[in-house]
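Since the structure comes first, as structure tokens, the remarks are kept for the end.
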Amino acid sequence: MSRNGRGFSDDHRVRLLTQASAGTATAFMKLSQSRIQKIYDDMCRREAALIAEIAKSGSLALMLDVERHNQKTDLVHYAKTPNEKANVESGIKDFESGLRHYETLTKKPDKYREEDLGYVARDRDKRLNVPTDGMRKALGSQITRLQNRLALTSSDDEKVMVSARVGLLKAINKEYSRLQVEVLHGDVREKG
């Protein structure tokens with residue numbers, strides 16, 4: 001047993017920290033379940049409103065950053081089982097891969113135009129004549145994940161928050177498609 005500068009052994013410090021943590025946890029548990037739910041629901045409503053405002057901004061970089069943050073938050077707060085964790089990790093991996101397409105599209109448009117030639121007809125958005133690249137596929141997969149989560153979500157306020165995220169992903173897809181059209185065709189076409 002080593003001692004720190006105050007004369008407490010390391011084991012004693014661990015016991016004190018454990019007791020303090022247990023006391024804090026006990027105090028938190030004394031909050032009624034309905035109070036905790038009310039706080040959580042309020043947080044969901046606020047987050048939904050913020051996400052909806054960001055989706056309206058049209059700032060693709062901001063929307064992508066917010067979704068990246070949301071996915072990492074899901075990994076910490078939502079992924080409780082190994083299957084949920086694997087699903088969220090898969091979404092993060094897909095999204096990060098999609099971000100590489102975004103980087104190429106915005107920073108190396110000539111390279112993106114070359115890569116566009118490699119997409120076969122079935123991997124193209126026929127209406128816009130742009131590829132359904134890794135970013136668009138990742139967005140579609142994440143929308144599906146969130147829509148599946150909507151079916152499992154219990155709180156109406158949480159459903160509003162998840163729906164706002166779906167709206168954000170659709171806004172990202174719209175802006176990303178607009179950018180693809182601009183880079184590949186030199187104009188901005190109506191996407192509807």
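Keep in mind it's a predicted model, so treat the numbers as computed, not measured. For the numbers below, each heavy atom of this structure counts, side chains included, while hydrogens, waters and symmetry mates do not. This chain uses plain numbering: 1 for the first residue, then up along the sequence.
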Determine whether a donor-acceptor pair (N or O, by modelled atom type, separation under 3.5 Å) exists between the side chain of [X] and the backbone of [Y].
X: Glu84; Y: Lys80; value: yes
X: Gln142; Y: Phe95; value: no
X: Ser141; Y: Ala138; value: no
X: Ser90; Y: Ala86; value: no
X: Thr144; Y: Gly140; value: yes
X: Ser97; Y: Lys93; value: no

Closest non-hydrogen atom pair, [X] against [Y]:
X: Ala171; Y: Ala55; value: CB-O, 3.7 Å
X: Ala164; Y: Ala48; value: CB-O, 3.6 Å
X: Gln71; Y: Val88; value: O-CG1, 3.8 Å

Treat each ILVMFWY residue as a node, draw an edge where side-chain heavy atoms are under 4.5 Å apart, and state whether [X] and [Y] are in one component.
X: Tyr78; Y: Leu50; answer: no
X: Ile143; Y: Ile51; answer: yes
X: Leu99; Y: Ile92; answer: no

Carboxylate-amine/guanidinium contact [X] [Y], below 4.0 Å:
X: Lys111; Y: Glu114; answer: no
X: Glu96; Y: Arg100; answer: no
X: Arg68; Y: Asp65; answer: yes

Separation of [Y] [atom2] from [X] [atom1] (nearest 0.5 Å):
X: Leu75; Y: Asn70; atom1: CG; atom2: CG; answer: 12.5 Å
X: Ile39; Y: Cys44; atom1: CD1; atom2: SG; answer: 12.0 Å
X: Leu146; Y: Leu169; atom1: CG; atom2: CG; answer: 6.0 Å
X: Leu64; Y: Thr106; atom1: CG; atom2: OG1; answer: 9.5 Å
X: Glu175; Y: Ser57; atom1: CD; atom2: OG; answer: 8.0 Å
X: Tyr102; Y: Gln180; atom1: OH; atom2: CD; answer: 12.5 Å

Contact list for residues 155-165, test salt bridge (charged side-chain N to carboxylate O under 4.0 Å, His left out), sequence neighbours left out: Arg45-Asp157, Glu67-Arg165, Asp74-Arg165, Arg149-Glu158
Summary of salt bridge (charged side-chain N to carboxylate O under 4.0 Å, His left out) pairs that have at least one residue in residues 137-148, sequence neighbours excluded: Asp94-Arg145
Partner set under side chain to side chain donor-acceptor pair (under 3.5 Å) for His69, not counting sequence neighbours: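 Partners of His69 by the side chain to side chain donor-acceptor pair (under 3.5 Å) criterion, ordered by chain and then number, come out as Thr73.
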Any heavy-atom pair between the side chains of [Y] and [X] that's under 4.5 Å?
X: Asn173; Y: Met135; value: no
X: His101; Y: Leu105; value: no
X: Ser155; Y: Val160; value: no
X: Ser163; Y: Leu150; value: yes

Pair Tyr176-Asp133, side-chain donor/acceptor within less than 3.5 Å: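 There is such a pair (donor and acceptor under 3.5 Å, judged by atom type) between the side chains of Tyr176 and Asp133.
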